[in-house]
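In this chain, residues are counted from 1 in sequence order.
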Amino acid sequence: MEIKVNHQSIEGNWINPNSIKNTQTLVLGSFNPFENHSKLVDYYYGRSSNHFWRTIAISINKNEDYFFQKGSGFQRKKEIMDDRFCCLDVINSITFSATNKQVLDSYLKKEIYFNFKDQKIWAGYTDFQRKDRIHLVREYNQSILEFLKENNSIKRIIHTMGANRVNSKGVKPREKRLNNYGFDDFFNELKSICNKKQITINYESWSPSDYAIKRGSTPKGNLKNWLELNLYLTD
């Protein structure tokens with residue numbers, strides 16, 4: 001039994017990064033799962049519990065909810081991104097497979113759709129509630145590579161996946177067994193493009209997730225300073 005979960009950007013037809021003018025920084029994240037009955041967001045880091053847009057709002061002296069106002073929130077995001085930054089996620093979709101459909105459905109509902117944490121989607125498999133082994137296969141976002149090849153304004157890349165996931169020594173998981181389709185191969189191609197186009201990859205990384213903030217792995221002050229510096233918020 002297999003179930004493919006697409007990224008919300010695919011199902012929601014989010015704005016293309018080429019529609020944001022003169023972007024200087026590309027912000028890379030991981031994944032935002034689409035589910036038919038869940039609330040769709042309008043852009044990356046769009047869950048109200050995430051601290052990305054809330055921190056940016058504070059940095060530009062606005063109320064924390066500034067980018068979440070109904071009817072105007074997305075336009076405000078677009079305005080702050082122009083001449084500064086855009087966002088993309090490295091995973092396009094994840095295919096989950098298990099022998100037991102009921103166990104797989106339960107896992108997706110409890111651990112992916114409604115209780116999502118990044119570390120869950122980077123595993124190769126999980127033994128959910130010791131009932132059945134669930135395997136995960138990730139499809140990486142090739143449009144990131146095409147965007148970088150074609151774009152002439154991006155100067156740097158930052159990511160929100162944490163220094164344990166992506167750093168100057170490599171990525172985790174490497175997935176070498178996937179023969180050019182794994183995370184290591186994907187990121188090596190990204191680095192090759194950046195080298196040719198003189199794009200800087202900043203490996204310092206702070207996750208804006210509510211989980212990271214609450215457990216203390218991302219101090220709010222560090223996140224604020226990092227975003228202000230890399231997203232050109234104080235110029």
Worked verdict on Arg54 versus Asp65 for salt bridge (charged side-chain N to carboxylate O under 4.0 Å, His left out): CA-CA 6 Å; Arg54 294 187 178 281; Asp65 294 325; 2.5 Å; yes
Lys4/Glu139 under salt bridge (charged side-chain N to carboxylate O under 4.0 Å, His left out): CA gap, chis, key distance, verdict: CA-CA 10 Å; Lys4 183 177 181 179; Glu139 177 190 339; 3.7 Å; yes
Residues Thr23, Met81; criterion side chain to side chain contact (heavy atoms under 4.5 Å, CB included); working and verdict: CA-CA 7 Å; Thr23 48; Met81 286 191 291; 5.9 Å; no
Extract all donor-acceptor atom pairs below 3.5 Å that involve side chains of residues 95-102 and protein atoms in other chains or at least two apart in sequence.
{"residue": "Thr99", "atom": "OG1", "partner": "Asp132", "partner atom": "OD1", "Å": "3.3"}
{"residue": "Thr99", "atom": "OG1", "partner": "Asp132", "partner atom": "OD2", "Å": "2.9"}
{"residue": "Asn100", "atom": "OD1", "partner": "Gln102", "partner atom": "N", "Å": "2.9"}
{"residue": "Asn100", "atom": "OD1", "partner": "Val103", "partner atom": "N", "Å": "3.0"}
{"residue": "Lys101", "atom": "NZ", "partner": "Asp105", "partner atom": "OD2", "Å": "2.6"}

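Atom CG of Asn164 has 12 or fewer neighbouring heavy atoms from other residues, nucleotides or ligands inside a 6.0 Å radius. No more than 12 heavy-atom neighbours from other residues, nucleotides or ligands sit within 6.0 angstrom of OH on Tyr125. Residue Lys149 qualifies as enclosed at atom NZ: its count of foreign heavy atoms under 6.0 Å is above 12.
Of the candidates Ile56, Thr55, Ile80, Leu231 forms a side-chain contact (heavy atoms from CB on, under 4.5 Å) with just one, namely Ile56.
Here CG of Leu233 is found 11.0 Å from CG of Asn61. Values are rounded to the nearest 0.5 Å. Atoms NE2 and CG, on His135 and Leu104 in that order, are 11.5 Å from each other to the nearest 0.5 Å. To the nearest 0.5 Å, atoms OH (Tyr107) and CD1 (Ile112) are separated by 4.0 Å. We find the CH2-CG distance between Trp206 and Leu223 to be 9.0 Å, quoted to the nearest 0.5 Å.
Outside the 6.0 Å centre-distance limit, the rings of Tyr66 and Trp53 are not counted as a close aromatic pair. Ring to ring, Phe183 and Tyr140 are close: their centroids are under 6.0 angstrom apart.
Taking the centre and axis of the six-membered ring of Phe68, the NZ or CZ atom of Lys77 falls inside the cone set by 45° and 6.0 Å.
In this structure, Asp127 pairs ionically with Arg133, as a charged nitrogen and a carboxylate oxygen lie closer than 4.0 Å. A salt bridge links Arg138 with Glu175: at least one charged nitrogen is closer than 4.0 Å to a carboxylate oxygen. Between Glu79 and Arg76 there is no salt bridge, since no side-chain nitrogen of the basic residue lies less than 4.0 Å from a carboxylate oxygen of the acidic one. Salt bridge annotation for Lys109-Glu35: absent, with no cationic side-chain nitrogen under 4.0 angstrom from a carboxylate oxygen.
Heavy-atom minimum distance, Trp226 versus Thr160: CH2-CG2, 4.0 Å. Heavy-atom minimum distance, Val5 versus Phe31: O-CZ, 3.5 Å. His7 and Tyr44 get closest at one heavy-atom pair: CE1-CE2, 3.7 Å.
Residues Glu228 and Thr234 bring no donor and acceptor atom of their side chains to less than 3.5 Å of each other. Between the side chains of Asn22 and Arg84, no donor N or O sits under 3.5 Å from an acceptor N or O. Asn202 and Asn230 share a donor-acceptor pair across their side chains, judged by distance under 3.5 Å alone. Residues Asp118 and Ser30 have side chains that bring a donor and an acceptor to within less than 3.5 angstrom of each other.
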